[in-house]
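Numbers restart at 1 for each chain; the letters A, B, ... are given by sequence-line order, proteins then strands. Only heavy atoms go into these numbers, but all of them, side chains included; no hydrogens, no water, no symmetry mates.
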2 protein chains.
Amino acid sequence: MSRFDSRSTSKIDQERGRFLKHLARTGLRVSRGRELIFNEVMQIHGHFTAEQLTKKCQKKNLKVSRPTVFRILHDLLAAGVIRETAFGDKHRHFEHVYDEKPHHHAFCIYCHGFIEFPDMKEDMVYHSIIEKKGFKILGHEMHFYGMCRKCQEKAA
Amino acid sequence: MSRFDSRSTSKIDQERGRFLKHLARTGLRVSRGRELIFNEVMQIHGHFTAEQLTKKCQKKNLKVSRPTVFRILHDLLAAGVIRETAFGDKHRHFEHVYDEKPHHHAFCIYCHGFIEFPDMKEDMVYHSIIEKKGFKILGHEMHFYGMCRKCQEKAA
DNA sequence: TCATATAATGATACACTATCTCATATGAGT
DNA sequence: ACTCATATGAGATAGTGTATCATTATATGA
């Protein structure tokens, strides 16, 4: 029996299954750290950095070191449980894939905040162009940048 | 008379004008470093990092320090002569704006290479959604990610 | 031209994120 | 329990981008 938290919904179970399968395939163990990080990540809604995740664990007295957090995030990436988004700052930003509707981001270049908006599928026109070049598409992100409402008000 | 390289095309002249105007507005001088970096940047086709630019200068025996390169790139950004693109790695990537047709990127997650493809304007549908939230759009980038042809061949 | 003020520059140190190393701890399987 | 591979943490390290500050260069006015 898995020692992972058993209160999870079926969607989280599905992700857990994906993760366990990946670990089995690559000969990695279901360790304390991996259980712990998996459960924490699944409870986060929205984006997070490795730093934020580490602090979240430390606040809960879940002992896990920074290198371990990075290592396990790498596992989760490889398993396809989380994905990475480039926000243009010096941090790596992650979000889990389950329960997330496809969406994109608009970044404020003044306060570095962002808003989300839904994927409208209008960008599918690009697929044929890119795949004609032999590139296999695994995903896409659209980044708008500009000035958020609050920063406009401040400037005025 | 400006001491900037005078062999330039009208498009580069236009950019030079934009830069000089910015310097004048903000009380900055037309210094040796700014001339030098401006000319080098204008000669680059495609993307570059501060590191690459610094090495390019050093190879040509153009003496300019790393802090100065960063400072002047900041000036060029503020003047709107270059723009920044988040590539998902730890570097800041720049490209000059002149002579560039609007385009986007597809990144290979295996070799970190990328291909470019033209902007098709199909993404304009997003503008109304975002601006309804009070966000003022200044630009946008579309990032596809996946596996390039070469990496697919290697894997096969 | 000289004096003075202001900006630019480079050397150096620094901050920060992410990663590497390696000794130790842990777990799985026999 | 023993053996051996993997996981972990402490600390060192790498790499990028900044900050500090003394020095140099430039512009301006007398």
**OP:** To the nearest Å, give me how far apart CG (A/L28) and C1' (C/dA28) are.
**Re:** 14 Å

Original post:
Could you state the CZ-P distance from A/R32 to C/dG27, rounded to the nearest angstrom?
Top reply: 8 Å

**OP:** Answer with yes or no whether A/R66 presents, from its side chain, a donor or acceptor under 3.5 Å of a partner atom in the base of D/dG9.
**Re:** no

Original post:
Can you find a pair of side-chain heavy atoms, one from A/Q43 and one from A/E40, that are under 4.5 Å apart?
Top reply: yes

Original post:
Is the B/F117 to B/F144 ring centre distance short of 6.0 Å?
Top reply: yes

**OP:** Let me know the distance between NZ of A/K55 and P of C/dA18, rounded to the nearest Å.
**Re:** 12 Å

Original post:
Closer to the 5' end of DNA chain C via nearest nucleotide, is it A/A50 or B/V69?
Top reply: B/V69

**OP:** Could you check how far CZ of B/F70 sits from P of C/dA8, rounded to whole Å?
**Re:** 18 Å

Original post:
Would you say the side chain of A/R29 and the base of D/dA5 hold a donor-acceptor pair, judged only by whether the two atoms sit under 3.5 Å apart?
Top reply: yes

Subject >> Selection from D/dG9, C/dA11, C/dT9 that lies nearest to any side-chain heavy atom of A/V64 >> reply: D/dG9

Original post:
Counting side-chain heavy atoms from C-beta on, which of D/dT8, D/dG17, C/dT9 comes nearest to B/H91?
Top reply: D/dG17

Original post:
How long is the line joining CG of A/D89 and P of D/dT16, in whole Å?
Top reply: 17 Å

Subject >> Any A/C57 side-chain heavy atom under 4.5 Å of A/L36 side chain >> reply: yes

Original post:
Quick one: is A/S31 getting a side-chain N or O under 4.0 Å of the D/dT8 phosphate, OP1 or OP2?
Top reply: yes

**OP:** For residues A/K101 and A/H103, report the shortest heavy-atom separation together with the two atoms involved.
**Re:** O-ND1, 2.9 Å

Subject >> B/G27 or B/S65, whichever maps to the more 5' nucleotide of DNA chain C >> reply: B/G27

**OP:** Compare all side-chain heavy atoms of B/F94 with those of B/L76 and state whether any distance is below 4.5 angstrom.
**Re:** no

Subject >> Value in whole Å for how far the P atom of D/dT6 lies from CZ of A/R25 >> reply: 17 Å

Subject >> Nearest-angstrom distance from the residue atom NZ of A/K90 to P of D/dT18 >> reply: 7 Å

**OP:** Please figure out whether B/R71 or B/R92 has its closest DNA chain D nucleotide nearer the 5' end.
**Re:** B/R92

Original post:
Nearest-Å distance, CG (B/D75) to P (D/dT18)?
Top reply: 13 Å

Original post:
Is any side-chain N or O of B/T68 closer than 4.0 Å to OP1 or OP2 of C/dG10?
Top reply: yes

